[in-house]
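Because the structure is predicted, anything quoted here is derived from the model rather than measured.
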Amino acid sequence: MGSIEKDIEVLKSISLIQHVRQRDLAEIVGLSLGMINAIVKRLVKKGWLSMKKLNNRTIHYAVSPAGMKILTQKGYQYLRRTVKNVVYYKESIAGFIRGVREKGFRGICLVGKSDLDFIVKHCCHNEGIGFYLSPERTADGNLFYLFSENTRPEENADAEKNTGYLSSILLRVSV
């Protein structure tokens, strides 16, 4: 984790938890207490964080408007990257499924849990072919078996030859 990522993580934690102690921040963020102390000082110096000493042992932290602006910008950048990735994955998966349909398969059976199953299902629907999570759910033997990004090939050594790997699709490797 780089310096700016550490700063953002500490800032985000402070914005979410009222009256947080540096010791708590260290545990939440996974850094040493000394590192948290240095980051807090840096955030105050940048104007992203304000400190108010309540007594000799208690300091209250608050994210400043400038700090909130930084958090908002980072959140927006993350959202843009996520949407861009989803569009890329959808286009890659749609092209792959189109190729599977053109080869005469009537459906795709997604083997294993996948974070992208909703995209595969959507693309199957758009291409007019079936989507299955279990081969037992269909009597149709003309399925293409697509192994999820979380399923290792060696676990499926007995798989038929009509198979593919979701991770390969995302790397733009064809069927």
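- Nearest heavy atoms, Tyr132 versus Gly107: CE1-CA, 4.3 Å.
- Taking the six-membered ring where the residue is Trp, Phe144 and Phe96 present perpendicular rings, their angle passing 60° and hence far from 30°.
- The main-chain N or O of Gln22 is never found under 3.5 Å from a side-chain atom of Asn37 such that the two would form a donor-acceptor pair.
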- Apply side-chain contact (heavy atoms from CB on, under 4.5 Å) to the pair Ser114 and Val120, showing each step before the final yes or no. CA-CA 10 Å; Ser114 173; Val120 176; 5.7 Å; no
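- Partner Glu127 forms a salt bridge (Lys or Arg N to Asp or Glu O under 4.0 Å) with one of Lys103, Arg106, Lys121, Arg98 and no other, that one being Arg98.
- A 6.0 Å sphere centred on CD of Gln73 holds more than 12 heavy atoms belonging to other residues, nucleotides or ligands.
- Taking OH from Tyr88 and CD1 from Ile93, the interatomic distance works out to 9.5 Å, rounded to the nearest 0.5 Å.
- In Lys113, the NZ atom is not crowded: 12 or fewer heavy atoms of neighbouring residues, nucleotides or ligands sit closer than 6.0 Å.
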- Message: Run the side-chain contact (heavy atoms from CB on, under 4.5 Å) test on Ser13 and Val20 for me, step by step, so that the C-alpha distance in whole Å, both residues' side-chain angles and the decisive distance to 0.1 Å come before the verdict.
- Response: CA-CA 8 Å; Ser13 296; Val20 67; over 6 Å; no
- Worked verdict on Ile17 versus Asp24 for side-chain contact (heavy atoms from CB on, under 4.5 Å): CA-CA 10 Å; Ile17 305 168; Asp24 298 329; over 6 Å; no
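- Atom CG of Asn55 has more than 12 neighbouring heavy atoms from other residues, nucleotides or ligands inside a 6.0 Å radius.
- Across Val10, Asp7, Val44, Ile39, a single residue satisfies side-chain contact (heavy atoms from CB on, under 4.5 Å) together with Leu49, and that is Val44.
- Put simply, the side chain of Ser64 gets close to the backbone of Gly47: a donor and an acceptor are under 3.5 Å apart.
- Residue Leu16 is grouped with residue Leu71 when hydrophobic side chains (ILVMFWY) are merged at heavy-atom distances under 4.5 angstrom, including chains of intermediate members.
- Ion pairing of Lys6 with Glu9 is absent here, as no side-chain N (NZ or NE/NH1/NH2) approaches a carboxylate O to less than 4.0 Å.
- Residues Ile4 and Lys46 come closest through the heavy atom pair CD1-NZ, 4.3 Å.
- Scanning both residues, Leu133 and Cys109, for their nearest heavy atoms gives C-SG, 4.2 Å.
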- Please walk me through it: do Tyr76 and Arg80 pass side-chain contact (heavy atoms from CB on, under 4.5 Å)? CA-CA 6 Å; Tyr76 177 71; Arg80 285 191 60 183; 3.2 Å; yes
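- Here CD1 of Ile97 is found 9.0 Å from CG of Asn126. Values are rounded to the nearest 0.5 Å.
- A single hydrophobic cluster is not seen to contain both Leu33 and Met51; linkage of ILVMFWY side chains at heavy-atom distances under 4.5 Å, directly or through other members, places them apart.
- Of the inter-residue distances, the one linking Arg42 atom CZ with Trp48 atom CH2 reads 9.0 Å to the nearest 0.5 angstrom.
- The structure places OG of Ser92 at 9.5 Å from CD1 of Ile119, a figure rounded to the nearest 0.5 Å.
- Going from atom CZ of Phe118 over to atom CZ of Phe131 covers 11.0 Å, rounded to the nearest 0.5 Å.
- Taking CG from Leu25 and OH from Tyr61, the interatomic distance works out to 7.5 Å, rounded to the nearest 0.5 Å.
- Nearest heavy-atom pair, Val63 versus Leu11, reported as atom, atom and distance to 0.1 Å: CG2-O, 3.7 Å.
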